[in-house]
There are 2 protein chains.
Amino acid sequence: MNPADGAMPVRDEAQDDRAQAIRDALHDAIVERRLAPGAKLVETEVGELFEVSRTVVRASLQMLAFEGLVKIERNRGAFVAHPTPDEARQIFESRRVIEPEIAERATERLTDADIERFQAHLKEEARLLAERGPNARRAAIKASGEYHLLLASVAANQILERFMRELIARSSLVIALYGQSGASSCARPEHADILDALIARDGKKAADAIRHHIDHIEEDLDYKVVASAPLRHVLRL
Amino acid sequence: MNPADGAMPVRDEAQDDRAQAIRDALHDAIVERRLAPGAKLVETEVGELFEVSRTVVRASLQMLAFEGLVKIERNRGAFVAHPTPDEARQIFESRRVIEPEIAERATERLTDADIERFQAHLKEEARLLAERGPNARRAAIKASGEYHLLLASVAANQILERFMRELIARSSLVIALYGQSGASSCARPEHADILDALIARDGKKAADAIRHHIDHIEEDLDYKVVASAPLRHVLRL
DNA sequence: AGCGATCAAATTGTATGCAATCTGACGATG
DNA sequence: CATCGTCAGATTGCATACAATTTGATCGCT
C-alpha cells in the first residue's frame, strides 16, 4: 500500500487545506495510538507544532469531535475520546449493520484492479504481522483498519464509506482500551477469507465472513479491564 | 408531538450553546424548505440575525457542512446543499442499509411509552396532511421525517441514530429538489403499517415495511427534472 | 493539621482587524 | 459593438486581542 495515503482526507474536496492537514495528522496519531485516549489537546500547543493560529486548530478539533475521535468539553478543552463500554458496543453494533451490506454491494462491483489492491494489502498486512516491535504493531493495527476501508471504497457509496471511516477509527480506540491479546483476531486469516468470498462473487458468504470477523474482534475485548480510567466518565459525568 | 422539540440537538452534551442554537435554527429552516438548496449563507448576515460574531457563525456552518446540509467552498462561502442525483441515490441506498436493521432492533426494545409516542405522532401527521396551505405542508414534511427519527431513537444506538438524522435531513433536500407529486408517498398509511409490525414484535415484517416505504419515497422522485440548476455542479465542477 | 476562601496562571470563548480572494462593473481598445 | 483589463466592493481566511472560565496554589482561620 502506498505509504503516502495514510491521510485519506475525509471531505471530498479540500476546503481548509491546513485545518484538514492537522486533522489528518491528529487522526493518524490517534488511530496509531501515539495519542492515548483521554489525552488533552491544548490549542496553543498544537498550533505551535503546526505553526498556525488557534483558529485553524479549533477547526481541526471540531472536525475530529464530529467524527467522535475527540471530545470537546466547554471551557475545558479537547481530549482524545475515551469510549465507554456502552459506546464500544454501539460502535460494533453499527459495524454489524453496515459492513455486511457493504460487502454485498462490493461483491457486485469488484474489478480486477480492486482485487490487485486487496492482494497487495494482504501481503503488506502479513509482512507487518511478521515483524516485531511497537512500530510494526502500530502499523499492523492501522493496516488492519485500512483493509475495511478498502472494502468500503469498492462499494461505491461515499456516505457509507464516510460512516465506515468513523466507525473504523473509533474501533481502533476501543481496541486500544479494551483489547486483550491485542493480535489474536488480527492473526486469523479472515481478511483473506473475505476476499475469497468477494472473488467468488458470493455476496451472502462475504457478508457472513464480515460478520464473523467482527464477532471475533469483539470477542477479544474485555470491557471489565479498563486500563487508564477516564476519571470523570467512570462516575457518569 | 411537543412543539418545542423541533431543534433536537445533534450532540449529546451542549458544547457551544450559541453555535448549536444557530445550527439548529438553520437546520430547521433547511429541512422545512424555507431555505432553498443552493442558497448562500453569508456569515455577517447570519451573525447579525443572531447577534453573534462571524466566529460563532462559522462554527455553525461547519457543523452543517459535516452533516451534508451545507457545502462550504473555499473563499466563496457556504451554500445550502444541492444534492446531485448520484448523491440522492447514495442517500437512499444508505437508508436501505440502515433503517431496516434499526426497525428490527426497535422491535426488541419497544416499550408501551414508545407506542404512545408513535401513536401521538401518527395522529399529528394525519392532522397536518388534512390541513391546507404551504405551512401545513412544511410541517407535514418535517413530521414525516421525525417519524423515522422516532424509530431510530427506540433502537437505542446513538451512533446509528446520528447517521439517520443526517440521512433524513438530506432526504428532505432531495425530495425538495426531485420530488414529483410531493405528497403521494406521504399520504400512504405506511407509517401506520410499520408501527403495526413493531407492535406485533415482528422484526422481519417491520424491516420489510420500512424497505417498501423507502422504495415508495424514491419512486416519487424524478432525477431528470431539476428545478433550479446548481449551475456549477451541472458541469461537474 | 484540616478546612475554606481568595487569587493567579493557564486555557478556552468570542469579537474584531487585516490580508487574500472572488465578483461584477466600468472603461479602454480593437 | 465586442472583448479584455483594471479596479472597487464584498466576502471569506486567518491571526490576534480581550473576556470568561477553570484549575491549582497559597494563605489564613479554626
Side-chain angles (χ1 to χ4, degrees), chain A residues 9-26 35 38-66 69-82 229-235 237, chain B residues 9-26 35 38-66 69-82 229-235 237:
Chain A
V10 155
R11 288 289 143 187
D12 15 330
E13 303 177 24
Q15 46 173 351
D16 291 53
D17 285 354
R18 298 195 286 174
Q20 186 73 30
I22 295 173
R23 185 216 81 98
D24 291 344
L26 291 175
L35 274 170
K40 179 160 190 193
L41 300 167
V42 179
E43 294 177 357
T44 55
E45 221 171 306
V46 178
E48 283 168 18
L49 281 172
F50 290 92
E51 296 179 339
V52 296
S53 76
R54 284 174 49 216
T55 307
V56 180
V57 175
R58 280 177 80 82
S60 307
L61 294 175
Q62 277 206 6
M63 294 186 207
L64 290 164
F66 276 110
L69 283 188
V70 155
K71 184 159 190 196
I72 296 176
E73 299 181 27
R74 182 166 180 101
N75 282 324
R76 289 194 16 88
F79 305 82
V80 177
H82 193 300
L231 311 161
R232 175 171 293 233
H233 291 164
V234 171
L235 306 175
L237 297 176
Chain B
V10 154
R11 289 289 142 186
D12 16 332
E13 302 177 23
Q15 46 173 352
D16 291 48
D17 287 353
R18 299 196 283 173
Q20 187 72 31
I22 295 173
R23 185 217 79 99
D24 291 344
L26 291 176
L35 274 170
K40 179 158 190 195
L41 300 167
V42 180
E43 294 176 356
T44 54
E45 222 171 304
V46 178
E48 283 169 16
L49 281 173
F50 290 92
E51 296 179 338
V52 296
S53 76
R54 284 173 47 216
T55 308
V56 179
V57 175
R58 281 178 78 84
S60 307
L61 294 175
Q62 278 206 6
M63 294 186 207
L64 290 164
F66 276 110
L69 283 189
V70 155
K71 183 158 191 195
I72 296 176
E73 298 182 26
R74 182 168 180 99
N75 282 324
R76 288 192 19 88
F79 305 83
V80 177
H82 193 299
L231 309 162
R232 177 172 292 233
H233 291 163
V234 171
L235 306 175
L237 296 176

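Straight-line distance from the CZ atom of B:R76 to the P atom of C:dG24: 9 Å, rounded to whole Å. Across the protein-nucleic acid pair, A:E43 atom CD and D:dT16 atom P stand 15 Å apart, rounded to whole Å. In this structure, A:Q20 places its CD atom 12 Å from P of D:dC14, rounding to the nearest Å. The distance from atom CD of B:E73 to atom C1' of D:dG13 is 15 Å, rounded to the nearest whole Å. Following rounding to the nearest Å, B:N75 (CG) and C:dT21 (P) show an atom-to-atom distance of 7 Å. As a whole-Å value, the separation of A:K40 NZ from C:dT12 P is 5 Å. Atom-to-atom, CD of A:E45 to P of C:dA10 comes out at 13 Å; the value is rounded to the nearest Å. Rounded to an integer number of Å, the gap from B:L61 CG to D:dG13 P is 10 Å.
Within the 4.0 Å cut-off from OP1 or OP2 of D:dC14, at least one side-chain nitrogen or oxygen of A:R18 is found.
Side-chain atoms of A:L26 and A:V70, non-hydrogen and from C-beta on, never get closer than 4.5 Å to each other.
Considering only residues two or more places apart in sequence or on other chains, B:R18 meets the side chain to side chain donor-acceptor pair (under 3.5 Å) condition with none of them. For A:A59, the side-chain contact (heavy atoms from CB on, under 4.5 Å) criterion is met by A:A19, B:Q62, not counting sequence neighbours. For A:T55, the side-chain contact (heavy atoms from CB on, under 4.5 Å) criterion is met by A:S53, not counting sequence neighbours.
Non-hydrogen atoms lying under 4.0 Å from DNA chain C are contributed by B:V52, B:S53, B:R54, B:T55, B:V56, all within residues 50-58 of chain B.
Between the B:K71 side chain and the B:G38 main chain, no donor and acceptor come within less than 3.5 Å of each other.
With the end axes of the helix from C:dA1-D:dT30 to C:dG30-D:dC1 each set by five pairs, the angle from one to the other reads 10° at 10° resolution.
From B:M63, atom CE reaches atom CD1 of B:I22 across 8.5 Å, with rounding to the nearest 0.5 Å. Here the straight-line distance linking atom CG of B:L69 with atom CG of B:L61 works out to 11.5 Å at 0.5 Å rounding.
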Review item, side-chain donor-acceptor pairs of residues 41-50 of chain B, under 3.5 Å, at least two apart:
residue : atom : partner : partner atom : Å
B:E43   : OE1  : B:R54   : NE           : 2.9
B:E43   : OE1  : B:R54   : NH2          : 3.2
B:E43   : OE2  : B:R58   : NH1          : 2.6

